[in-house]
Amino acid sequence: MHPKSKGAFYITTPIYYVNDVPHIGHAYTTIAADILTRFKRLEGYQAFFLTGTDEHGQKVEKAAQERGIDPKAHCDEMVKRFESLWQRFNISNNDFIRTTEVRHKKVVQKILQDLYDRGEIYQDSYEGWYCVPCERFWTEKDLIEGKCPDCLREVVEISEKNYFFRMSKYQSWLIEHIEKNDRFILPSSRRNEILGFLQRPLEDLCISRPKKRLRWGIEIPFDTDYVTYVWFDALINYVSGIGYGSGENSFSNLWPQAIHLIGKDILTTHTVYWPTMLNGIGLTPPKMVFAHGWWTVEGKKMSKSLQNVVEPNRLIDTYGVDAVRYFLMREVSFGMDGDFSHSAMVHRINSDLANDLGNLFSRALSMVIRYFDGNIPTPSSLKEIDQRLQEVSVKVLTQLPQQMNDLSFNKALTTLWEIVSASNKYVDETAPWSLAKEEKDQPRLSTVLYQTLESLRIIALLLAPFMPSTAEKMWSQLGMEGSLWEQNLEENVKWGGLKPGRRVAKPTPLFPRIDPTKIEKGI
RNA sequence: GGCGGUGUAGCUCAGUCGGUCAGAGCAUGCGGCUCAUAUCCGCAGUGUCCGGGGUUCAAAUCCCUGCACCGCCA
């Protein structure tokens with residue numbers, strides 16, 4: 001733990017289904033989690049970030065079968081697509097959990113056995129209709145014209161013995177928990193939805209699948225004819241991934257601070273199944289479950305049939321990692337649906353990144369090189385206008401932490417950009433190019449450029465969670481020593497951290513402007 | 001069908017407790033600067049706050065109602 005740690009933080013993404021092709025939605029959740037984690041670390045928290053893959057279930061079994069290989073071998077291959085994408089996106093996860101790992105299976109089985117021993121799991125027969133592609137049971141009245149209400153494909157009638165978790169008995173406890181904790185489910189519209197859902201009787205949860213139907217899963221420890229239902233298996237990653245049951249302190253430190261970031265499509269599993277499961281094994285629910293929205297593409301829903309699935313690797317190739325990270329966080333407020341379009345992307349890059357931030361950086365460094373031979377000047381006495389610039393940073397710093405706690409990433413970026421705008425305006429109003437013409441104005445010129453560079457240093461620090469490599473680049477070109485990541489927001493954001501006398505680098509454009517017409521053709 | 005939500009500038013949206021709340025950004029137009037990636041800065045707009053009714057000294061805000069759209073559940 002960091003010597004000055006303010007405490008623990010535990011941030012997760014869902015574990016992604018290994019058969020999926022990674023798309024913008026996966027990237028979105030993971031980038032958001034990364035940004036929150038990096039921000040918390042800069043604030044001095046010990047923040048642990050877990051992501052991973054969900055590898056069991058019928059679709060994986062079937063895909064492996066079709067390829068004529070072992071399911072595990074299939075997974076080993078598929079999981080690389082996620083791992084390499086996260087590497088490209090500069091994702092700073094502390095661990096990566098796979099549900100096929102021994103450490104995970106052991107925890108799932110331990111939990112199953114524990115619940116079974118205490119009568120929380122019982123056997124019963126189940127009759128219903130089963131949709132093979134969706135791997136879901138439906139009751140008679142769920143069906144739409146005799147077909148799966150989800151995918152409208154044929155269902156088969158099945159009657160079989162299965163194991164059930166007594167989820168229903170936790171219903172009133174769960175309602176009370178949600179009502180007492182208004183930040184447990186966010187945004188609040190999702191909280192309302194779940195409270196509405198819970199007004200109807202909650203049923204027990206079927207947590208087994210007979211091996212005759214599905215072999216690729218975690219074997220039920222007390223009945224080897226069955227494997228575990230994939231959701232029951234998958235949700236447990238959040239505790240198996242930080243050593244539940246190992247007796248280590250890290251688990252008990254981290255778990256109470258858990259924040260799950262999820263897409264709105266998996267709200268029920270995370271806010272109904274999962275908390276009741278946790279209660280069943282004597283653990284508290286996660287501190288927060290935040291459901292974000294979905295991305296449409298050029299106004300249309302993403303789908304394979306429309307062939308408009310946005311491939312994150314291709315986005316990185318076209319726009320660069322940090323620009324994509326920025327766009328996804330800046331364009332829509334977390335929790336709302338958003339639309340991805342190339343014109344919006346190019347627009348954000350050109351106006352926010354190239355014109356506002358990049359150009360500010362460029363003009364500031366250029367003047368230091370031109371007027372001071374690249375040496376950071378020593379400021380002299382401050383005028384009111386210089387003070388006002390400082391005050392903007394102070395104000396931003398008081399607002400950012402709260403906005404980040406609320407996962408209002410777009411607000412945080414808007415707030416941060418107030419320093420960018422104020423700095424551009426400051427340069428304009430102080431007109432250093434005019435000061436440079438008169439020898440007597442040298443002290444004033446020194447102050448003005450120092451103030452501008454110092455604003456940029458603070459911008460770099462606060463921007464780091466969002467755009468890590470851009471921030472590092474700014475940091476080193478500003479002549480700062482040491483790693484940006486060893487900074488602490490409380491101490492190092494204070495005005496005056498920039499060292500006079502150190503040399504700045506010749507600026508290279510942080511974000512080259514993009515010709516919109518080229519993108520239209522190229523994509 | 002039940003529950004919840006949304007409707008504000010050309011676009012995307014912010015508007016907390018009813019009282020400088022008619023706002024921001026982008027887009028558009030005009031002007032200024034020349035350090036900078038043709039970038040930056042300033043100024044200027046345009047509004048049936050979805051329609052109708054009500055409460056109030058006062059409503060974008062609260063209540064009723066109609067319409068449209070969205071989400072969850074069925």
Side-chain angles (χ1 to χ4, degrees), chain A residues 138-144 149-150 178 185 187-203 263-269 271-272 291-294 296 299 301 323 327 330-341 343-372 374 385 389 402-403 406 408 410-411 413-418 420-437 441 445 448-449 452-453 456 504 506-516:
Chain A
W138 300 99
T139 60
E140 174 92 50
K141 58 181 179 176
D142 287 336
L143 303 180
I144 295 173
D150 258 11
I178 296 170
I185 303 173
S188 56
S189 53
R190 301 296 166 197
R191 180 171 176 261
N192 282 344
E193 272 178 27
I194 291 300
L195 283 172
F197 174 80
L198 287 170
Q199 273 165 19
R200 298 180 165 276
L202 193 58
E203 290 181 5
K264 62 180 183 177
D265 50 322
I266 52 176
L267 185 67
T268 308
T269 52
T271 59
V272 179
H292 64 68
W294 276 4
T296 52
K301 198 174 165 178
F327 178 85
R330 177 63 184 80
E331 188 67 4
V332 296
S333 78
F334 205 59
M336 305 273 272
D337 288 351
D339 182 53
F340 178 88
S341 73
S343 63
M345 178 92 219
V346 169
H347 192 262
R348 283 281 174 211
I349 291 174
N350 283 350
S351 66
D352 299 1
L353 300 182
N355 295 353
D356 293 349
L357 175 62
N359 184 57
L360 171 67
F361 190 67
S362 175
R363 68 198 300 209
L365 292 197
S366 295
M367 285 189 278
V368 174
I369 287 168
R370 182 183 290 221
Y371 306 138
F372 293 98
I385 191 171
L389 181 65
Q402 186 55 49
Q403 292 169 331
D406 293 340
S408 299
N410 70 326
K411 275 192 192 166
L413 283 170
T414 306
T415 303
L416 178 48
W417 246 250
E418 287 177 25
V420 177
S421 305
S423 302
N424 267 321
K425 188 179 164 120
Y426 174 80
V427 171
D428 235 71
E429 288 176 347
T430 53
W433 51 89
S434 301
L435 297 171
K437 288 172 187 162
D441 288 331
L445 177 62
V448 163
L449 288 183
T452 308
L453 292 184
L456 279 164
V504 301
K506 190 175 177 354
T508 50
L510 295 176
F511 301 96
R513 282 181 63 84
I514 298 173
D515 180 353

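We name chains A, B, ... by the order of the sequence lines, and we start the count at 1 in each one. Since the model is a prediction, treat every value here as computed from it, not as a measurement. Note: hydrogens, waters and symmetry copies are ignored here, and every other heavy atom, side chains too, is used.
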For nucleotides [N] and [M], find the distance between their [atom1] atoms and express it as a whole number of Å.
N: A24(B); M: C67(B); atom1: C1'; result: 29 Å
N: A44(B); M: G23(B); atom1: C1'; result: 16 Å
N: C62(B); M: C17(B); atom1: P; result: 9 Å
N: G1(B); M: G19(B); atom1: P; result: 37 Å
N: C40(B); M: G4(B); atom1: P; result: 47 Å

* K264(A) NZ to G5(B) C1', straight-line distance once rounded to whole Å -> 12 Å
Of the nucleotides [options], which has the atom closest to the [X] side chain?
X: F197(A); options: U37(B), C73(B), G42(B); result: C73(B)
X: N192(A); options: A36(B), G4(B), G42(B); result: G4(B)
X: S366(A); options: A36(B), G42(B), C73(B); result: A36(B)
X: E193(A); options: A36(B), G71(B), C40(B); result: G71(B)
X: P509(A); options: C35(B), G4(B), U37(B); result: U37(B)

* Asked: Checking T296(A) side chain against G338(A) main chain: does a donor-acceptor pair fall under 3.5 Å?
  -> yes
* Asked: Quick one: on RNA chain B, does L357(A) or Q199(A) contact a more 5' nucleotide (nearest heavy atom)?
  -> Q199(A)
* To do: Take E429(A) and I194(A), find for each the nucleotide of RNA chain B with the closest heavy atom, and name the residue whose nucleotide sits nearer the 5' end.
  => E429(A)
* To do: Kindly label the base of C17(B) as syn or anti, based on whether its glycosidic torsion lies within 90° of 0.
  => syn
* Asked: How are the rings of F340(A) and F327(A) set relative to one another: parallel (under 30°), tilted (30 to 60°) or perpendicular (over 60°)?
  -> perpendicular
